[in-house]
Amino acid sequence: MTIKEMIDLPPVWLALFAALVWLQASMLPLGGFGSIGGPLGAVLILAGIALMGAAFIEFRRHDTTVIPHHDASALITSGIYRHSRNPIYLADALILAGLAFRWDAVIGLGLVPVFMWVIQRRFIIPEEARLRSGFGADFESWAARTGRWF
């Protein structure tokens, strides 16, 4: 794995966006979520972790790579992948939203759709092109019945 591949990973992007959310909460504390922010944030973070765990279980079951920019040896359409083509990226977005609520980062919450856009452009679209190329009609059938995010 090259340095670029080690740096250009979704967890790095999540950490970058989380840092921006934290900076907003720290440097421009506006409040706004009140007493619901902490519990709601915790629920979103835990949901994201659970979703990610369910996705990783499917990767292990199918013995294929979870690393973006690498070719998959199997098309996963079972488990959580029956409901979302990208549950790990959805989990990342839930975790980011949860952090924004926990940290009472009202403006930072607006970074969640920006994060999703970056992830879609940087990872999802190229991954789908590789899956389409590698699995053809099977990918097309799965994509037709399963949403990109949910």
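These numbers come from the heavy atoms of this one structure, side chains and all, not from hydrogens, waters or symmetry mates.
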Undergrad: Under the rule for ring pair (Phe, Tyr, Trp, His ring centres under 6.0 Å), what residues qualify as partners of His83, not counting sequence neighbours?
TA: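 Residues passing ring pair (Phe, Tyr, Trp, His ring centres under 6.0 Å) with His83: none at all.
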Undergrad: Between Tyr81 and Phe59, is any pair of side-chain heavy atoms under 4.5 Å apart?
TA: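 Yes. Closest side-chain heavy atoms under 4.5 Å.
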Undergrad: Only counting residues at least two apart or in another chain, list the ones meeting salt bridge (Lys or Arg N to Asp or Glu O under 4.0 Å) with Arg82.
TA: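 With neighbours one apart ignored, the set is empty.
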Undergrad: Describe, in one word, how the ring planes of Phe33 and Phe101 are oriented to each other, choosing from parallel (under 30°), tilted (30 to 60°) and perpendicular (over 60°).
TA: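 Rings of Phe33 and Phe101: tilted, as their planes differ by 30° to 60°.
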Undergrad: Suppose the criterion is salt bridge (Lys or Arg N to Asp or Glu O under 4.0 Å): which pairs have a residue in residues 108-123, not counting sequence neighbours?
TA: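 As it turns out, the salt bridge (Lys or Arg N to Asp or Glu O under 4.0 Å) pairs with a partner in residues 108-123, which skip direct neighbours, are Asp8-Arg122.
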Undergrad: State which residues pass side-chain hydrogen bond (donor to acceptor under 3.5 Å, both in side chains) with Gln24; sequence neighbours excluded, sorted by chain then number.
TA: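 Partners of Gln24 under the side-chain hydrogen bond (donor to acceptor under 3.5 Å, both in side chains) test: none.
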Undergrad: Members other than Leu30 in its cluster, when Ile, Leu, Val, Met, Phe, Trp, Tyr link by side-chain heavy atoms under 4.5 Å?
TA: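 Taking Ile, Leu, Val, Met, Phe, Trp and Tyr as members, Leu30 shares its hydrophobic cluster with Leu28, Ile107.
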Undergrad: Kindly state each residue pair satisfying salt bridge (Lys or Arg N to Asp or Glu O under 4.0 Å) with at least one member in residues 132-141, sequence neighbours excluded.
TA: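 Qualifying pairs: Arg132-Glu140.
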Undergrad: May I ask you to decide if Ala129's main-chain N or O and Ser133's side chain share a donor-acceptor pair within less than 3.5 Å?
TA: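 No; judged by distance alone, with no hydrogens or angles, the pair does not exist.
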Undergrad: Quick one: side-chain hydrogen bond (donor to acceptor under 3.5 Å, both in side chains) partners of Thr64, sequence neighbours excluded?
TA: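 For Thr64 the side-chain hydrogen bond (donor to acceptor under 3.5 Å, both in side chains) partners, ignoring immediate neighbours, are Ser73.
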Undergrad: Suppose the criterion is salt bridge (Lys or Arg N to Asp or Glu O under 4.0 Å): which pairs have a residue in residues 97-113, not counting sequence neighbours?
TA: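 Residue pairs passing salt bridge (Lys or Arg N to Asp or Glu O under 4.0 Å), neighbours aside: none found.
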Undergrad: Apply side-chain hydrogen bond (donor to acceptor under 3.5 Å, both in side chains) to Arg130 and list each qualifying residue two or more places apart in sequence or on a separate chain.
TA: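 Expected list: none.
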Undergrad: Heavy atoms only: give me the nearest Leu94-Leu44 pair and the separation to one decimal.
TA: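 Here Leu94 and Leu44 meet closest at O-CB, 3.6 Å.
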Undergrad: Looking at residues at least two apart in the chain, or sitting in another chain, which of them share a side-chain hydrogen bond (donor to acceptor under 3.5 Å, both in side chains) with Glu128?
TA: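 Partners of Glu128 by the side-chain hydrogen bond (donor to acceptor under 3.5 Å, both in side chains) criterion, ordered by chain and then number, come out as Arg85, Arg148.
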Undergrad: Under the salt bridge (Lys or Arg N to Asp or Glu O under 4.0 Å) test, which residues partner Glu58, sequence neighbours left out?
TA: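 Salt bridge (Lys or Arg N to Asp or Glu O under 4.0 Å) check on Glu58 returns Arg61.
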Undergrad: Going by ring pair (Phe, Tyr, Trp, His ring centres under 6.0 Å), name the residues that satisfy it together with Phe115, two or more places apart in sequence or in a different chain.
TA: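 Result, ring pair (Phe, Tyr, Trp, His ring centres under 6.0 Å) vs Phe115: Phe17.
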Undergrad: Check whether any side-chain heavy atom of Val118 sits under 4.5 Å from a side-chain heavy atom of Phe123, and report yes or no.
TA: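 When only atoms from C-beta onward are counted, Phe123 and Val118 do not touch, as no gap falls below 4.5 Å.
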Undergrad: Are Val21 and Leu46 grouped together when hydrophobic residues (ILVMFWY) are joined by side-chain heavy atoms under 4.5 angstrom apart?
TA: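 Looking at the clustering, Leu46 is in a separate group from Val21.
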Undergrad: Quick one: closest heavy-atom pair of Ala91 and Gly48, and the distance?
TA: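 Heavy atoms of Ala91 and Gly48 come nearest at CB-O, 3.1 Å.
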